[in-house]
Amino acid sequence: MTRRQELLVFGAVAVVAVVAGLLLLVRPKQQAVAEARADQRGAVAESQSLRDQITALEALKAKQDVLRREVRQARGEFPATPALPALLDALKDSADQAGVDLTSVAPAPPKPSTTAPGLAEISVSVNVTGGYFEVQDYLSRLEDLVKGTDPDRVPPRSLLVRAVNLSSGGASSGTGGSTATAPASGSASPSELQASITLVTFQLPRAASAGGPAGTQAG
């Protein structure tokens, strides 16, 4: 090999070595740049997500009064306990507004609901006396009790009427499959009816217990 060829070979080797060295230096830089760009894109996406959350929170803030009312209503409709005193107040209010006499209220123990899965239900037997139209009005008020009779004093309550049995003297007529009949009162007028009503109210299931609430007499 001539001196010229040796120089050419040496030059080629030197170029290859320089290029290899540059590649070793450039590749980590390129990787770092790619990682930095990926981090930048991630930061931009996270920033956009945060802006979207802020926008959503600002929208909720504008509706906070409405949302608070809805939360209070939901807590009344589906309380964490049977809340029997509030239920009795609601039943009494509806009876007073309908013009019937509420004579007794007897709730049963809470149990898993077959009507509203995910909730517990309390079956309640209610007895009232009054005229036909007054009793009919009372039943309508029970179905609409979720709207509340006096929300500032008694929370709205979700109720479902299951059965109604009417009696006047010795005669009785029932709806909803109920066979129980309210006892006749000797002081009742011929036009006065006695209604035995079976209804259910709901509560959050975690509060349902094996021990049942006792019956309540309403005068």
Side-chain angles (χ1 to χ4, degrees), residues 68-110 113 115-116 119-178 180-204 207 212-219:
R68 284 173 180 169
R69 285 196 299 270
E70 291 177 351
V71 168
R72 287 195 297 269
Q73 181 174 346
R75 286 175 179 171
E77 291 181 41
F78 310 111
T81 66
L84 296 181
L87 175 61
L88 181 58
D89 286 341
L91 295 175
K92 281 185 174 180
D93 285 354
S94 296
D96 291 342
Q97 293 171 4
V100 298
D101 293 325
L102 181 64
T103 58
S104 68
V105 178
S113 175
T115 304
L119 294 175
E121 69 179 34
I122 302 169
S123 180
V124 185
S125 296
V126 178
N127 289 307
V128 298
T129 59
Y132 174 81
F133 294 106
E134 286 76 12
V135 171
Q136 188 179 50
D137 184 29
Y138 183 61
L139 293 173
S140 297
R141 291 180 185 277
L142 290 181
E143 291 283 10
D144 291 338
L145 199 58
V146 68
K147 299 177 183 177
T149 57
D150 185 0
D152 293 333
R153 186 176 66 86
V154 180
R157 194 68 180 260
S158 180
L159 294 180
L160 178 64
V161 175
R162 283 273 176 84
V164 180
N165 193 290
L166 301 177
S167 66
S168 177
S172 67
S173 62
T175 61
S178 174
T181 303
S185 171
S187 60
S189 65
S191 61
E192 189 173 68
L193 298 176
Q194 299 184 23
S196 179
I197 305 166
T198 301
L199 54 86
V200 292
T201 185
F202 303 94
Q203 72 171 84
L204 297 180
T216 304
Q217 292 295 322

To the nearest 0.5 Å, what is the distance between [atom1] ([X]) and [atom2] ([Y])?
X      : Y      : atom1 : atom2 : answer
Ile122 : Leu199 : CD1   : CG    : 10.5 Å
Leu119 : Leu204 : CG    : CG    : 6.5 Å
Ile197 : Ser125 : CD1   : OG    : 10.0 Å

For [X] and [Y], work out which heavy atoms get closest and say how close.
X      : Y      : value
Gly130 : Val100 : CA-CG1, 4.3 Å
Glu121 : Ser113 : OE1-OG, 3.0 Å
Ala95  : Tyr138 : N-CE1, 3.3 Å
Ala83  : Arg157 : O-NH1, 3.3 Å
Ala195 : Leu166 : CB-CD2, 3.5 Å
Ser94  : Leu145 : OG-CD1, 3.3 Å

Does the side chain of [Y] come within less than 4.5 Å of [X]'s, by heavy atoms?
X      : Y      : result
Leu84  : Val105 : no
Leu91  : Leu142 : yes
Leu160 : Arg162 : yes

Next on the checklist: Name the residue from Leu88, Val164, Val161, Leu102 that meets the side chain to side chain contact (heavy atoms under 4.5 Å, CB included) definition with Val126.
Outcome noted: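 It is Leu102, the one option of Leu88, Val164, Val161, Leu102 that forms the side chain to side chain contact (heavy atoms under 4.5 Å, CB included) with Val126.
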Checklist entry - Do NZ/NE/NH1/NH2 and the carboxylate oxygens of Arg141 and Asp137 come within less than 4.0 Å? => result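 Here Arg141 pairs with Asp137 in a salt bridge, since their nearest N and O are under 4.0 Å apart.
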Checklist entry - Sub-3.5 Å donor-acceptor pair from the side chain of Ser196 to the main-chain atoms of Asn165, do we have one? => result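 Not confirmed, Ser196 side chain does not pair with Asn165 backbone.
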Checklist entry - Within the distance-only criterion (no hydrogens, no angle test), does the side chain of Ser123 pair as donor or acceptor with the backbone N or O of Val200 below 3.5 angstrom? => result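 Flag not set: sc Ser123 to bb Val200 has no pair under 3.5 Å.
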Next on the checklist: Going by the rule salt bridge (Lys or Arg N to Asp or Glu O under 4.0 Å), which residues pair with Glu134 if we only count those two or more places apart in sequence or in a different chain?
Outcome noted: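 Listed in chain order: nothing, the list is empty.
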Checklist entry - For Asp101, what residues pass the salt bridge (Lys or Arg N to Asp or Glu O under 4.0 Å) criterion, not counting sequence neighbours? => result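 Per chain and number, Asp101 pairs via salt bridge (Lys or Arg N to Asp or Glu O under 4.0 Å) with no residue.
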Item to check | Under 3.5 Å side-chain donor-acceptor pair for Thr103 and Asn127 | outcome: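 No donor-acceptor contact under 3.5 Å links the two side chains.
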